[in-house]
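To start, the structure itself, in structure tokens.
Values in this document were obtained by computation on a predicted structure and should not be read as measured data. Note on naming: letters A, B, ... go to the chains in the order of the sequence lines (proteins, then strands), and numbering restarts at 1 for each one.
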Amino acid sequence: MEIVNKKLTDAQFDALRPQVLSSWPTGGDVDFDEGVAFHHDLPEAKRFPVALDQADQARRVLLQPRAGVALLEEHIALLQLLSTAADVLPTTIDAYTRQNRYDEAQKGIDKSRQAGHSLLNGFPAVNHGLRACREIIERVEKPVQVRHGTPDARLLAEITLAAGFTSYEGGGISYNIPYTKKVPLQKSIEDWQYVDRLVGRYEAAGVRINREPFGPLSGTLVPPFMSHAIAIIEGLLALEQGVRSITLGYGQAGNLVQDIAAIHSLRQLARHWFEAEGYSDFQLSTVFHQWMGGFPEDESKAFAVISWGGAVAALAGATKVIVKTPHEASGIPTGEANLQGIMATSQINSMLVDQQASLLPIVQPEIERIRREVNTVLRAVKAAGEGDWATGAVRAFAAGILDVPFAPSIYNKGKLLPVRDNEGAIRLFDFGAVPLDMDTRAFHAAKVKERSTTEGREPCFQMVIDDIYSISKGRLVGRPR
Amino acid sequence: MEIVNKKLTDAQFDALRPQVLSSWPTGGDVDFDEGVAFHHDLPEAKRFPVALDQADQARRVLLQPRAGVALLEEHIALLQLLSTAADVLPTTIDAYTRQNRYDEAQKGIDKSRQAGHSLLNGFPAVNHGLRACREIIERVEKPVQVRHGTPDARLLAEITLAAGFTSYEGGGISYNIPYTKKVPLQKSIEDWQYVDRLVGRYEAAGVRINREPFGPLSGTLVPPFMSHAIAIIEGLLALEQGVRSITLGYGQAGNLVQDIAAIHSLRQLARHWFEAEGYSDFQLSTVFHQWMGGFPEDESKAFAVISWGGAVAALAGATKVIVKTPHEASGIPTGEANLQGIMATSQINSMLVDQQASLLPIVQPEIERIRREVNTVLRAVKAAGEGDWATGAVRAFAAGILDVPFAPSIYNKGKLLPVRDNEGAIRLFDFGAVPLDMDTRAFHAAKVKERSTTEGREPCFQMVIDDIYSISKGRLVGRPR
Amino acid sequence: MNTHTIVLGVIGADCHAVGNKILEAFFTQAGYRVVNLGVMVSQDEFIDAAIETGAAAILVSSLYGHGEIDCAGLRERCIERGLENLVLYVGGNLVVGKADFGATRDKFLSMGYDRVFQPSVDLDGVLELLSQDLAARAGG
Amino acid sequence: MNTHTIVLGVIGADCHAVGNKILEAFFTQAGYRVVNLGVMVSQDEFIDAAIETGAAAILVSSLYGHGEIDCAGLRERCIERGLENLVLYVGGNLVVGKADFGATRDKFLSMGYDRVFQPSVDLDGVLELLSQDLAARAGG
Ligand code: B12
Ligand code: B12
């Protein structure tokens with residue numbers, strides 16, 4: 001049976017729940033009502049949706065790092081350090097937990113204890129369990145979000161939300177296609193319906209929890225219209241399950257105009273589609289990810305990339321910016337390196353946040369372009385699903401209507417080929433099976449031609465490879481040397 | 001007798017020369033013809049005007065640090081280190097030499113030898129003399145410029161130019177008003193006529209030496225029209241003496257639109273005035289100074305300020321950018337810190353240099369405004385001088401037609417009071433005696449009012465002080481807390 | 001031109017796909033027969049593929065930080081399964097955190113990898129080393 | 001409100017004028033009678049002004065890095081010229097380069113300055129210290 005975008009009934013949800021909670025021993029500690037009671041007692045300062053709302057109202061950009069280590073005390077100390085400079089905090093989950101490999105996560109915890117430093121690339125929240133997660137919320141004075149990359153994130157959600165986390169990243173598409181190889185899309189969308197329904201239940205119990213689809217996807221030359229289309233679909237799926245606070249994300253491309261247009265169009269398009277599909281009374285915000293592709297190894301150069309991300313986040317007026325660090329090219333950052341990224345971002349952010357208005361005139365045409373592309377693709381997805389967004393998403397990926405460049409999933413066609421134009425904006429070199437209209441195709445082709453003329457070479461896969469390496473090698477457009 | 005803007009005759013120049021060369025023993029080594037011969041043998045790669053030309057043609061932005069230490073070997077090693085990343089190099093002169101206090105410079109050299117590290121804030125080129133300066137040129141593989149702040153820079157010029165330096169910063173106004181307290185403007189302009197005439201003589205001998213008036217002046221809230229007016233006057237004074245390669249400078253204000261407009265208008269206005277005054281056959285380029293006011297102490301924040309400067313230099317299409325360092329707020333940078341600033345700038349520069357065109361539409365109105373202000377002021381200066389730019393400059397400062405905010409010179413009125421507007425652009429709060437037209441005044445007043453309404457306080461000196469501190473405290477507009 | 005077969009893949013629970021796709025394109029263009037297992041490859045999958053295709057080398061990638069855990073024991077397992085003469089390379093962001101590469105290299109050399117590479121490695125250089133190592137292995 | 005006179009200035013060949021103008025505004029607003037000598041002030045000019053105006057304190061600024069050379073001997077010279085009881089402060093970027101402030105402070109304390117300040121100093125705090133020090137000096 002194909003999946004449908006329909007709110008899970010209480011009976012359906014309750015039937016799934018025991019199996020979820022018993023998939024690892026720590027699931028047994030989850031008590032929804034106790035969780036709700038704890039949330040009700042949380043001070044405003046620890047609530048993610050409140051922080052987002054206040055930021056949008058004050059036209060400020062919230063700064064958020066990524067951070068997670070293997071052991072609880074170290075993790076709390078890390079977040080306490082970062083909370084001196086960040087506005088909202090993460091708990092980044094390790095990669096074994098993301099694949100539900102709790103045995104291996106346990107090995108990672110044990111070896112980290114022996115080694116005296118973290119051997120895991122995140123905090124294994126499921127293994128540590130509810131009490132430990134609760135301690136994070138109790139001992140950290142700012143809102144904390146679960147950030148991960150988990151196709152089946154049901155148990156993780158049950159534990160962390162009951163523990164008091166007030167925001168949960170991910171989605172059935174965005175935490176599958178870039179993060180897995182063989183998980184069927186239908187399966188991950190189904191499992192995320194569960195997560196969204198859980199959030200919807202908290203909402204119904206008076207506890208607002210923010211949900212954030214993962215915007216950047218593969219982080220590598222993703223054209224804005226594609227990540228927007230997917231973000232909006234995930235937003236629709238979440239709304240249907242009762243989620244009411246949604247943050248849609250976008251990963252910096254590098255071209256100033258395109259990136260500002262992307263944030264504006266994301267906000268506009270999401271509102272439009274959410275309302276057109278009959279949802280209202282939602283709280284919508286945006287998150288801008290500083291450059292998500294390969295970073296330069298040199299830390300000073302990394303600071304420049306970070307600063308440019310901070311600059312554009314401010315000029316675009318995103319609600320939140322996810323901050324990279326000078327260690328990005330090398331490894332999980334130390335707390336200090338993480339702070340450095342936040343400090344640089346904070347400086348440039350507050351220097352530029354008053355300057356948004358002057359750029360509006362030049363971004364309008366690009367907003368219009370993205371809008372047209374997104375609308376075309378979303379209509380095609382809806383048509384593919386015969387009106388149903390869940391079915392539509394699954395069929396659209398199978399048909400290549402939705403297609404994420406450089407994603408590892410076998411359920412992703414991988415036929416769409418992006419390339420930068422002469423000003424560094426991401427355009428399409430091969431449209432794959434994405435059903436863009438003729439004018440749009442002609443526009444992309446002309447832009448790519450302009451560049452290939454400048455460089456005196458035909459558009460080719462080497463050009464794409466050059467673009468993948470470009471920022472790590474100190475440029476934006478991967479010109480031949 | 002008042003000073004006039006007239007090419008020094010050979011007789012006048014030759015009469016002054018013995019006195020200049022004998023003002024310190026090392027002057028005796030200067031041999032103009034030998035210097036010319038040395039210049040003729042210099043490879044292209046060591047010639048400043050060539051580098052500027054190539055950069056403008058390739059639409060690249062040259063990166064230049066500031067650097068100078070007390071002792072020769074250390075200074076050469078420093079430049080060699082920086083030449084791995086910089087495009088063109090400096091030799092920054094110490095502050096005693098700038099005041100012709102060669103005795104004290106000598107003490108600084110001696111104490112530095114004892115201490116084992118530099119106790120001077122620059123390289124005392126006069127004390128070290130011609131042979132030492134020649135060694136710099138011989139052992140450093142890129143063009144080197146003398147950067148200083150010297151009201152009477154005649155001997156320094158004789159020595160360094162004969163030694164093979166191919167660019168010389170400064171001017172009779174820009175190296176007086178911000179750098180001295182009691183040197184009469186007439187005196188410094190006269191002394192700089194000598195310097196320019198010397199450069200003109202090299203030019204006549206087939207040796208092109210670049211001249212660069214110091215654009216940023218006090219580095220503190222200088223409105224673009226004021227620094228432009230002064231830069232253009234210094235350009236005219238230099239042209240008259242036979243200089244042919246001129247780089248006009250501008251210090252970053254912080255507002256994107258204003259800064260881009262400033263670089264564009266500087267280039268346009270200079271060309272216009274130079275040609276209108278009958279000069280042709282000059283080589284004109286621009287230099288953008290990364291933020292010249294107080295820096296944040298935190299190095300990560302400093303990286304953000306540096307990166308923003310690098311970004312705007314690229315987006316504005318300046319010929320050259322002067323790079324700050326993460327040590328700026330604290331002290332003369334180490335070579336490593338200097339490299340860090342260059343690396344960050346290099347990264348952001350090459351990421352943005354292809355994106356200039358898209359910003360043009362939004363900077364036009366500001367270009368128009370600056371053009372109008374500069375033209376008004378320059379016409380007033382010319383009128384004050386009854387057609388003579390040198391006389392005009394002296395009288396204009398006396399009358400407050402030219403007025404540099406926060407400058408220490410007693411020959412500067414200091415009545416002009418700048419303040420940031422709501423988007424961080426520098427506007428005028430008190431016009432002093434600057435003869436701007438009524439529409440322009442109304443525009444400034446409206447902009448200042450807009451901000452004071454936002455902040456709920458009258459424009460006042462405290463607002464100006466807040467703006468002086470703002471970037472070092474992590475913002476651009478100095479809002480009340 | 002050589003006709004060696006090499007196996008590529010990203011080990012463990014690691015999903016970083018971009019470098020892997022570039023390596024595939026690069027070694028293919030250089031004339032190798034490339035068997036690319038993509039991301040999230042287990043030790044046994046690497047070995048199965050090498051046996052099946054008669055590969056002369058396995059090039060393991062690990063980007064996400066768990067390399068230290070995921071890569072340990074691969075050499076022993078190769079030998080157990082009869083792959084005595086295999087060239088074994090590993091590259092990427094091999095450990096958690098920004099670490100001194102010398103120490104990381106020693107760690108992985110002592111696990112039995114023939115060569116250990118940083119992300120910033122020049123691939124043309126790798127090509128040369130690989131053909132040397134394959135020649136030496138064939139000769140020895 | 002106090003009615004002490006204080007002398008301000010930037011010592012040596014130093015042209016940094018901005019901080020000096022802010023200090024003048026700040027101490028004036030705080031009620032001091034401020035004699036501001038501006039930039040490029042010699043040791044003797046400081047002392048002449050202090051004698052002439054009966055100042056209770058001299059606040060020396062040095063931003064440009066030659067502080068170590070320019071500021072040495074001022075205390076001795078004050079005493080020579082009969083200013084025994086003067087409060088002597090110094091602040092700014094006192095040495096060449098980014099240095100550990102503890103070492104810099106010790107260096108200037110041992111030159112006879114009563115207090116030594118970094119650029120990032122909170123001026124309200126300085127105000128308090130100054131009134132304490134002036135009171136103590138008057139009492140002692
Ligand atoms: C893009 C990216 C992602 C994307 C990946 C999308 C996709 N499916 O491919 C997304 C956002 C999904 C992602 C997720 C995660 N990522 Co990630 N990611 C990156 C990033 C920014 C770029 C990687 C990239 O594509 N580079 C471009 C390619 C061309 O380079 P490359 O991958 O390095 O490969 C080249 C070389 O390494 C070399 N090479 C590689 N293998 C081999 C083998 C041999 C034999 C040889 C010779 C050479 C060689 O050649 C390749 C081609 O040039 C890097 C940081 C960086 N490099 O800037 C982090 C980074 C790799 N990610 C990291 C982490 C930790 C994660 C997460 C666990 C989340 C987290 N905790 O932050 C998850 C992983 C979940 C999982 N299950 O794997 C860390 C790893 C930390 C460490 N080792 O200490 C990094 C280093 C960032 C950081 N500093 O924290 N990531
Ligand atoms: C603007 C500036 C200039 C302008 C000055 C214009 C003018 N006439 O005022 C120009 C461009 C002309 C200039 C020139 C030079 N400068 Co300058 N300049 C700066 C800069 C960027 C800002 C200074 C400023 O205005 N700050 C804002 C004011 C409000 O802060 P402030 O000056 O620090 O003053 C405050 C505090 O220090 C404190 N304070 C100061 N004195 C005292 C005293 C007491 C008792 C107390 C309690 C407090 C106190 O209170 C003040 C008010 O808050 C600084 C670096 C920085 N801070 O970011 C470099 C800096 C001061 N300059 C420096 C140097 C070296 C020079 C030059 C020699 C050129 C060179 N080699 O680079 C020349 C000086 C020539 C000369 N004869 O003096 C160095 C000094 C290095 C060192 N100490 O190791 C600095 C630190 C830059 C650097 N890192 O290299 N400069």
Taking atom CD1 of A:Ile332 and atom CG of C:Asn93, what is their separation to the nearest 0.5 Å? 9.5 Å

Can you say whether A:Lys182 sits under 4.5 Å from chain C via the side chain, the backbone, both, or neither, judging by heavy atoms? side chain

Find out whether C:Ile22 and A:Tyr469 are in side-chain contact, i.e. whether some heavy atom of one side chain is under 4.5 Å from a heavy atom of the other. yes

Atom pair CD1/SG of A:Ile177 and C:Cys15 - distance to nearest 0.5 Å: 12.0 Å

The interface call for A:Pro405 against chain C, heavy-atom contacts under 4.5 Å, is neither

For C:Val96 and A:Ser118, the nearest pair of non-hydrogen atoms, with its separation, is CG1-O, 3.6 Å

Which atoms of A:Ile468 come close to chain C, meaning under 4.5 Å heavy atom to heavy atom: side chain ones, backbone ones, both, or neither? side chain

Which heavy-atom pair separates A:Gln99 from C:Ala13 by the least distance, and what is that distance? CG-CB, 3.7 Å

Which pairs pass ring-ring contact (aromatic ring centres under 6.0 Å, His included) with one or both residues in residues 74-124 of chain C, sequence neighbours excluded? C:Tyr89-C:Phe117

Taking a cut-off of under 4.5 angstrom between non-hydrogen atoms, the residues of residues 91-98 of chain A near chain C are A:Asp94, A:Ala95, A:Tyr96

Just verifying a value: how many Å separate A:Asn121 CG and C:Asp14 CG, rounded to the nearest 0.5 Å? 8.5 Å

Under a 4.5 Å heavy-atom cutoff, which of C:Glu68, C:Met40, C:His16 has the most pairs with chain A? C:Met40

Distance check, rounded to the nearest 0.5 Å: C:Ile69 atom CD1 versus A:Lys107 atom NZ? 7.5 Å

If the threshold is 4.0 Å, N to carboxylate O, is there a salt bridge linking C:Lys98 and A:Glu299? yes

Relative to chain A, which segment of C:Ala99 carries a heavy atom at a distance below 4.5 Å: side chain, backbone, both, or neither? neither

Interface moiety of A:Ala329 toward chain C, non-hydrogen atoms closer than 4.5 Å: backbone

What one should report as the nearest heavy-atom pair of A:Lys181 and C:Leu37 is NZ-O, 2.7 Å

Could you give me the CA-CA distance, side-chain angles and deciding distance for A:Leu119 and C:His66, then say whether side chain to side chain contact (heavy atoms under 4.5 Å, CB included) is met? CA-CA 7 Å; A:Leu119 290 176; C:His66 294 180; over 6 Å; no

What is the minimum heavy-atom distance between C:Lys21 and A:Ala407, and which atoms define it? NZ-O, 3.0 Å

